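For clarity, every value in this text was computed on a predicted model and none was experimentally measured.
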Amino acid sequence: MAEAMIETSKESSMLYKNPSQYVKLNVGGSLHYTTIGTLTKNDNMLRAMFSGRMEVLTDSDGWILIDRSGKHFGSILNYLRDGSVPLPDTKRELQELLAEAKYYCIEELVQEVEAQAATFGDSKSDIVPICRVPLITSPREEQALIS
């Protein structure tokens, strides 16, 4: 297992001055390469990390460690790059992306996801039945079903 170390804010500030510099991110085991420019484009938690305002945790191989689920981090990066991202189709996935957008303090994405989630209505809208089993309560309904 890789040993982790914490860089001081002063060191990380000096290391991450160049916007075109690539960094290696390990977000919950999901590995990503991106530029400092992408991470610091807007005011968010990642900008704070790479501007020297926060300490950055790295492993012995130089991967910057972020203790979050990596499932939606690609969408987070694409939003930072492009200012938009295709939103998930299910309410559950939207809720997961919303939690990540809130964690990283990306307010515009939070607003977009909340607006999309509001269109889903009740929590059962994600349920897609595998099959339908009719409930027959009379011989007449049985005959109607058979014919």
Checklist entry - What pair of heavy atoms forms the shortest contact from R47 to T40, and how long is it? => result NE-O, 3.4 Å
Checklist entry - Which pair of heavy atoms, one from L80 and one from T38, lies closest together, and at what distance? => result CB-O, 3.7 Å
Next on the checklist: For the backbone of N42 and the side chain of N44, can you confirm whether one donor and one acceptor N or O come within less than 3.5 Å of each other?
Outcome noted: yes
Item to check | Pair T119-Q116, side chain to side chain contact (heavy atoms under 4.5 Å, CB included): steps then yes or no | outcome: CA-CA 5 Å; T119 66; Q116 180 69 24; 3.9 Å; yes
Item to check | Closest contact, heavy atoms only, V85 versus S75 | outcome: CG2-O, 3.8 Å
Checklist entry - Going through the checks in order, is the side chain to side chain contact (heavy atoms under 4.5 Å, CB included) test met by V110 and L98? => result CA-CA 6 Å; V110 168; L98 178 61; 3.8 Å; yes
Checklist outcome for this item: Note: R81 and Y33 closest approach over all heavy atoms is NH2-O, 3.6 Å
Item to check | Atom pair CD/CD of E107 and Q111 - distance to nearest 0.5 Å | outcome: 5.0 Å
Next on the checklist: Do L97 and M45 land in one hydrophobic cluster if side-chain heavy atoms of ILVMFWY residues count as linked below 4.5 Å?
Outcome noted: yes
Checklist entry - Salt-bridged, K71 to E100, with N to O below 4.0 Å? => result no
Item to check | CE-CD1 distance between M49 and I64, expressed to the nearest 0.5 angstrom | outcome: 6.5 Å
Item to check | Residue of the set L65, L46, L39, L31 for which side-chain contact (heavy atoms from CB on, under 4.5 Å) holds with L25 | outcome: L39
Next on the checklist: Please find the pair of heavy atoms, one from L94 and one from P88, that lie closest to each other, and give the distance.
Outcome noted: CD2-CD, 3.7 Å
Checklist entry - When you look at R92 and T90, which way does the side-chain hydrogen bond (donor to acceptor under 3.5 Å, both in side chains) test go after all the steps? => result CA-CA 5 Å; R92 179 182 182 140; T90 67; over 6 Å; no
Checklist entry - About how many Å separate CG of L57 and CE of M54, when rounded to the nearest 0.5 Å? => result 11.0 Å
Next on the checklist: Do Y103 and I76 make a side-chain contact, defined as non-hydrogen atoms from C-beta onward lying under 4.5 Å apart?
Outcome noted: no
Item to check | Same apolar cluster: Y22 and V56, side chain cutoff 4.5 Å | outcome: no
Checklist entry - Which of these passes side chain to side chain donor-acceptor pair (under 3.5 Å) with Y79: H72, E108, E112? => result E112
Checklist entry - With no hydrogens and no angle check, do the side chains of S20 and N18 hold a donor and an acceptor under 3.5 Å apart? => result yes
Checklist entry - Does CG belonging to D67 count more than 12 external heavy atoms closer than 6.0 Å? => result no
Item to check | Nearest-0.5 Å distance, CG of residue D59 to CG of residue N26 | outcome: 6.5 Å
Checklist entry - Hey, quick one: are F50 and W63 part of the same hydrophobic cluster, counting side-chain heavy atoms closer than 4.5 Å, chains of contacts allowed? => result no
